[in-house]
There are 2 protein chains.
Amino acid sequence: MNFSIGELSKQTGVKVPTIRYYEKEGLIDPPVRTEGNQRRYRETDRERLRFIRHSRDLGLPMPAIRDLIELSQHPDKPCHEADRIAADQLKSIRERIVHLKKLEVELARIATSCQGDHTVTQCNVLKAFGDHSQCLDNH
Amino acid sequence: MNFSIGELSKQTGVKVPTIRYYEKEGLIDPPVRTEGNQRRYRETDRERLRFIRHSRDLGLPMPAIRDLIELSQHPDKPCHEADRIAADQLKSIRERIVHLKKLEVELARIATSCQGDHTVTQCNVLKAFGDHSQCLDNH
DNA sequence: CTTGAAGCTCTAGTCGCTATAGGGATTAGA
DNA sequence: TCTAATCCCTATAGCGACTAGAGCTTCAAG
């Protein structure tokens, strides 16, 4: 019915200090307190926190989550902005994949460039880290 | 022969405050100073900075770069550690790609789930952000 | 010799937490 | 009812790798 921050943490997988941090940042509402000043949460708080957690796991930055929460407070508004946020995040993830794949190519080359026993002066890995001109791409 | 921090910045693409930061962190040696206390660099400093820059561009964390620099001061040592650092970084990049690809799948689903004009209460995007059970993967 | 760009140090802010310190509250068992 | 173990509270500082700003000094071109 009504549970402590530790219980909420267990149920959502969000660590206790992180829950307090989200409250401070305004992502979740300050809950009621016991006489001894401890937080007590309800199901709606748990849903909100799961929403935040899942959005974070998907890589959304906190301002985007803030926007989504704001939006969800206005049931009759159109939801274009939610669409846009999802599309932006997808785009950003795809850009990061492209970037990382380029790095992967270079690093695979570098990591295999020094097979066998070498000393530092002969080391192709060290040379490659210092010499961007060996790279196929501009990172 | 001997140039200012701004010149070094132009030649390497590393911003002036970042150069000072690297010096503070011990990645580059403190250069000589003019009578008026301004830094003056040499070619070797430029090479060192290019090494750092390129390593950073490839995603190496600063402690790894520190290790590589340390290593390069000992020309006769074997270079296994450089190999290991490169291999570790390649592994880490590949793991990140795998992770991001999973996110891409989920986000592509979410971003296309709400075609047409909906209001917030009907919004599939908002629902999907709140509901991890719709996902194929555990992120 | 003047002027304006570039340099100097120091501090604080970024993001999303996480860790620690030093205390108070709650709860289960004896 | 007492006590011990566990939980919870606030506040502050730290992470990584910079970046921005304030307030001052030095340099180089004309």
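None of these values were measured; they are calculated from a predicted model. Chain letters run A, B, ... following the sequence lines, proteins first, then strands; residues in each count from 1.
Residue Arg33(B) places no side-chain N or O under 4.0 Å from the OP1 or OP2 atom of dG7(C). Here Tyr22(B) does not reach the OP1 or OP2 of dA17(D): none of its side-chain N or O atoms lies under 4.0 Å away.
For the pair Ile28(B) CD1 and dA17(D) C1', the interatomic distance rounds to 14 Å; values are reported in whole Å. Between Leu27(B) atom CG and dG16(D) atom P the separation is 12 Å, expressed in whole Å. Per the geometry, CG belonging to Leu49(A) stands 14 Å off C1' belonging to dC17(C), to the nearest Å. The distance from atom CE of Met62(B) to atom C1' of dC15(D) is 13 Å, rounded to the nearest whole Å. dC10(C) atom C1' lies 15 Å from atom CD of Glu23(B), rounded to whole Å. Residue Asp57(B) contributes atom CG, which lies 9 Å from atom P of dC18(D) at whole-angstrom precision. When the C1' atom of dC15(C) is taken as reference, atom CD of Glu25(A) falls 10 Å away, rounded to whole Å. Between Ile5(A) atom CD1 and dT26(C) atom P the separation is 15 Å, expressed in whole Å.
Which of dT19(D), dT18(C), dA17(D) sits closest to the side chain of Lys15(B) comes down to dT19(D).
Looking at Ile52(B) and Ile28(B), their side chains come closer than 4.5 Å, going by heavy atoms from C-beta outward. Considering only heavy atoms from C-beta on, Cys135(B) comes within 4.5 Å of His54(A) through its side chain. Here the side chains of Arg46(B) and Glu43(B) are in contact, with some heavy-atom distance below 4.5 Å. Put simply, the side chain of Lys77(B) does not reach to within 4.5 Å of the side chain of Thr119(A), judged on heavy atoms.
Toward the 5' end of DNA chain D, the nearer of the two residues Ser4(A) and Pro63(B), judged by each one's closest nucleotide, is Ser4(A).
Using a 4.0 Å heavy-atom cutoff across all strands shown, Arg20(B) reaches at least one base atom of the nucleic acid. Counting any heavy atom pair closer than 4.0 Å across all strands shown, Arg39(A) reaches sugar-phosphate atoms only and no base atom.
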Next on the checklist: Pair Arg66(B), Glu70(B) - check salt bridge (charged side-chain N to carboxylate O under 4.0 Å, His left out), show working.
Outcome noted: CA-CA 6 Å; Arg66(B) 224 183 290 272; Glu70(B) 233 288 291; over 6 Å; no
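A salt bridge links Arg84(A) with Glu81(A): the distance from a Lys NZ or Arg NE/NH1/NH2 to an Asp or Glu carboxylate oxygen falls below 4.0 Å.
With respect to His139(A), the side chain to side chain donor-acceptor pair (under 3.5 Å) criterion is satisfied by exactly one of Lys102(A), Glu106(A), His132(A): His132(A).
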What pairs of nitrogen or oxygen atoms, one from the protein and one from nucleotides 27-30 of chain D, lie under 3.5 Å apart?
| residue | atom | partner | partner atom | Å |
| --- | --- | --- | --- | --- |
| dC27(D) | OP1 | Thr34(B) | OG1 | 3.1 |
| dC27(D) | OP1 | Gly36(B) | N | 3.2 |

